[in-house]
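By convention here, the first residue in the shown sequence is residue 1. Numbering of ligands and ligand atoms starts at 1, following listing order. Both backbone and side-chain heavy atoms feed into the values below; hydrogens, waters and symmetry mates do not. Keep in mind the model is a prediction, meaning the values are calculated, not measured.
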Amino acid sequence: MPLRVLIGVGGGIAAYKAAHLVRYFKESSHEVHVIPTRSALKFVGAATFEALSGNPVSTDVFDNVDEVQHVRLGQEADLIVIAPATADLLARLATGRADDLLTSSCLVSTCPIVLAPAMHTEMWENAATQANVRTLRERGITVIEPAHGRLTGKDSGPGRLPEPDHIGALSLAVARNQHAEIFRQSLVGKRVVVTAGGTEEPIDPVRFLTNASSGRQGYALADIAAQRGADVTLISASTDVLHTPSGAEVVHVRTALELQAAVQEAAPHADLMVMAAAVADYRPESVAASKMKKDGDHDFSTLKMTENPDILAGLVQARREGEIPSETVIVGFAAETGDEKSSPLEHAKRKFLRKGCDLLMCNAVGEGKVFGQEDNAGWLLSARNTPGAEGREDPTVIDVPSGPKLDVAARILDEAETLLTPH
Ligand code: CTP
């Protein structure tokens with residue numbers, strides 16, 4: 001259903017990215033009104049926002065007074081997104097100021113409000129800004145974690161505005177999921193490791209074996225965990241995901257063996273391991289040092305393979321043997337097509353027992369389902385009501401309805417959070 005989206009733009013150098021955000025919502029068929037602050041207009045002109053949104057742009061409560069704009073736009077909005085939200089704007093919103101059209105629109109609105117801060121690292125980390133962020137979150141406003149990276153000038157650190165498509169997707173997830181509930185601060189102080197993407201197993205320097213995993217579900221998990229306040233490490237094999245989840249540290253790997261090494265390094269410090277990567281079960285026994293030529297002496301009709309380690313099962317074993325803490329929660333994934341003997345769910349139940357993890361997210365795949373798609377669905381198998389091996393033989397099956405991968409990620413993390421030991 002099309003939403004009435006109000007985009008607020010603060011006065012920072014990242015204001016130019018708000019133009020892309022307007023386009024993101026327009027292309028998804030939403031109605032957009034833009035309210036820049038006076039200082040935002042020093043970076044991007046009103047004409048740009050008017051042309052992109054197809055609606056007039058005003059800044060001041062005294063513009064178009066006959067239309068009572070200072071209450072109408074905020075009251076009518078289904079979603080307010082402010083990008084970039086400057087330190088000054090966060091402070092004004094936290095103290096309930098109404099000294100321009102944007103802040104007064106926020107005060108009269110009852111819809112979800114999403115703020116995407118962008119500023120220099122020192123300003124973001126300043127105690128005053130952090131206190132304002134806490135206040136705003138306590139009031140149910142979503143404050144997106146800024147991205148890490150190069151800022152204006154020579155400095156680098158947290159404070160970058162995430163990419164507009166990323167802000168758009170996170171904001172729509174908030175609109176779908178009861179205001180700030182999806183990004184509640186439930187993982188503060190927790191260390192979460194997520195694996196994502198499909199491993200690549202080289203044959204020679206130009207050829208490799210891989211699979212259809214897009215990495216989107218794993219990236220969505222890292223996204224939500226980071227927004228819930230966790231310290232996130234994303235171990236990423238090959239993906240077609242363009243943005244890096246805001247606030248997550250990314251470790252890039254290629255092969256199953258590299259993924260295993262990264263998992264082994266991260267696991268001893270993790271509270272939650274989410275193993276969403278599609279790991280190749282086999283790799284070529286040897287990798288040719290130079291390109292295998294058709295007219296060379298290679299036999300192309302056979303490729304000798306050797307088995308890769310089962311990283312998930314190895315993790316469960318390491319926990320059993322005390323190499324990683326016994327409280328570490330381990331989540332596995334199962335992409336199943338089903339066959340003439342068993343349904344996808346029956347296969348998943350056997351996998352749950354075999355792998356020994358605490359939760360298993362199972363999806364039915366194949367024929368355009370799941371891989372590379374925006375939506376996902378399936379079942380979560382949990383031993384929560386009957387802990388230990390017994391619970392795995394007859395797991396609780398939780399239905400995960402079809403929805404965008406961010407919503408599915410939130411559902412998986414909701415369930416995983418019930419298994420985490422409180423601090
Ligand atoms: N996995 C793993 N190491 C492997 C293979 C899979 O850690 N060598 C993990 C995946 O990350 C996923 C889970 O195990 O969390 C299930 O992956 P899947 O490929 O469905 O399981 P397999 O054990 O390979 O079973 P099968 O191919 O027989 O379905």
Side-chain angles (χ1 to χ4, degrees), residues 192-201 208-222 233-239 251 253-267 270 272-285 305-320 323-324 328-366 369-371 376 378-383 392 395 400 405 408-409 412-413 415-416:
V192 176
V193 176
V194 180
T195 69
T199 62
E200 292 178 355
E201 307 298 332
F208 54 84
L209 299 172
T210 190
N211 55 64
S213 170
S214 67
R216 286 171 197 229
Q217 187 61 73
Y219 271 56
L221 281 151
T233 302
L234 172 63
I235 301 174
S236 176
S238 171
T239 69
V251 178
V253 297
R254 187 178 186 208
T255 64
L257 292 180
E258 286 173 20
L259 191 129
Q260 182 189 38
V263 164
Q264 284 172 345
E265 193 180 323
L272 172 62
M273 300 289 302
V274 185
M275 307 290 281
V279 183
D281 289 326
Y282 290 87
R283 66 179 182 277
E285 196 175 74
M305 306 287 280
T306 188
E307 197 169 351
N308 272 328
D310 187 325
I311 303 164
L312 175 58
L315 200 57
V316 171
Q317 194 182 344
R319 182 175 65 176
R320 209 179 301 122
E323 290 164 23
I324 62 171
T328 312
V329 173
I330 304 175
V331 181
F333 278 72
E336 305 288 350
T337 61
D339 52 31
E340 53 296 333
K341 289 199 206 109
S342 305
S343 69
L345 183 57
E346 283 161 349
H347 275 293
K349 283 184 175 174
R350 284 200 287 276
K351 195 168 283 180
F352 187 51
L353 189 60
R354 196 174 76 233
K355 300 263 185 180
C357 50
D358 307 304
L359 275 179
L360 187 82
M361 174 67 202
C362 164
N363 10 76
V365 292
K369 278 196 235 155
V370 182
F371 287 131
N376 199 358
W379 307 271
L380 258 177
L381 307 189
S382 169
R392 292 201 178 86
V400 179
K405 287 182 175 172
V408 170
I412 295 169
L413 289 174
E415 206 50 46

Peer 1: Distance-only, no hydrogens or angles: does the Asp358 side chain make a donor-acceptor pair with backbone N or O of Ile330 under 3.5 Å?
Peer 2: yes
Peer 1: With heavy-atom distances below 4.5 Å as the criterion, would you say the side chains of Leu381 and Leu345 are in contact?
Peer 2: yes
Peer 1: Do Leu272 and Leu413 come close enough that some side-chain heavy atom pair is under 4.5 Å?
Peer 2: yes
Peer 1: Would you compute the distance between atom NZ of Lys349 and atom CG of Leu360 and round it to the nearest 0.5 angstrom?
Peer 2: 12.0 Å
Peer 1: Closer than 4.0 Å to some heavy atom of Asp310 - which atoms of ligand 1 meet that?
Peer 2: 2 (C), 3 (N), 4 (C), 7 (O), 8 (N), 23 (O)
Peer 1: Got a protein heavy atom sitting under 4.0 Å from atom 22 (P) of ligand 1?
Peer 2: yes
Peer 1: With distance as the sole test, does Gln217 use its side chain to make a donor-acceptor pair with the main-chain N or O of Lys405 at under 3.5 Å?
Peer 2: yes
Peer 1: Among all the protein's non-hydrogen atoms, which is closest to atom 5 (C) of ligand 1, and how far away is it?
Peer 2: Asp281 OD1, 3.3 Å
Peer 1: With a cutoff of 4.0 Å, is Ala277 in contact with ligand 1, counting heavy atoms of the residue only?
Peer 2: yes
Peer 1: Applying the side chain to side chain contact (heavy atoms under 4.5 Å, CB included) test to Val253, which of Val263, Ile235, Thr199, Thr195 qualifies?
Peer 2: Ile235
Peer 1: Please enumerate all residues that pass side-chain contact (heavy atoms from CB on, under 4.5 Å) together with Arg320, with sequence neighbours excluded.
Peer 2: Val316, Gln317
Peer 1: Would you mind running through ligand 1 and noting each atom that sits below 4.0 Å from a heavy atom of Pro309?
Peer 2: 3 (N), 4 (C), 8 (N)
Peer 1: Ignoring angles and geometry beyond distance, decide whether Phe333 reaches within less than 3.5 Å of ligand 1 through its nitrogen or oxygen atoms.
Peer 2: yes
Peer 1: On a heavy-atom basis, I'd like to know which of Leu315, Asn211, Val279 is closest to atom 4 (C) of ligand 1.
Peer 2: Val279
Peer 1: Out of curiosity, is Lys355 lining ligand 1, as in a heavy atom under 4.0 Å away?
Peer 2: yes
Peer 1: If we ignore hydrogens and angles and just use 3.5 Å, is the side chain of Asn376 paired with the main-chain N or O of Val408 as donor and acceptor?
Peer 2: no
Peer 1: Where do Ser342 and Arg350 land on the side-chain hydrogen bond (donor to acceptor under 3.5 Å, both in side chains) test, with the steps shown first?
Peer 2: CA-CA 10 Å; Ser342 305; Arg350 284 200 287 276; 2.8 Å; yes
Peer 1: Give me the residue, atom name and distance of the protein heavy atom closest to atom 3 (N) of ligand 1.
Peer 2: Ile311 N, 3.0 Å
Peer 1: How far is atom 28 (O) of ligand 1 from its nearest protein heavy atom, and which residue and atom is that?
Peer 2: Arg354 NH2, 4.2 Å
Peer 1: Compute the shortest N/O to N/O distance between Met275 and ligand 1 and return yes if it is under 3.5 Å, no if not.
Peer 2: yes
Peer 1: Does ligand 1 have any atom that is closer than 4.0 Å to a heavy atom of Lys351?
Peer 2: yes
Peer 1: Using a 4.0 Å cut-off to any heavy atom of Gly332, which atoms of ligand 1 qualify?
Peer 2: 15 (O)
Peer 1: For ligand 1, which atoms, with element, lie under 4.0 Å from some heavy atom of Leu312?
Peer 2: 2 (C), 7 (O), 9 (C), 13 (C), 14 (O), 15 (O)
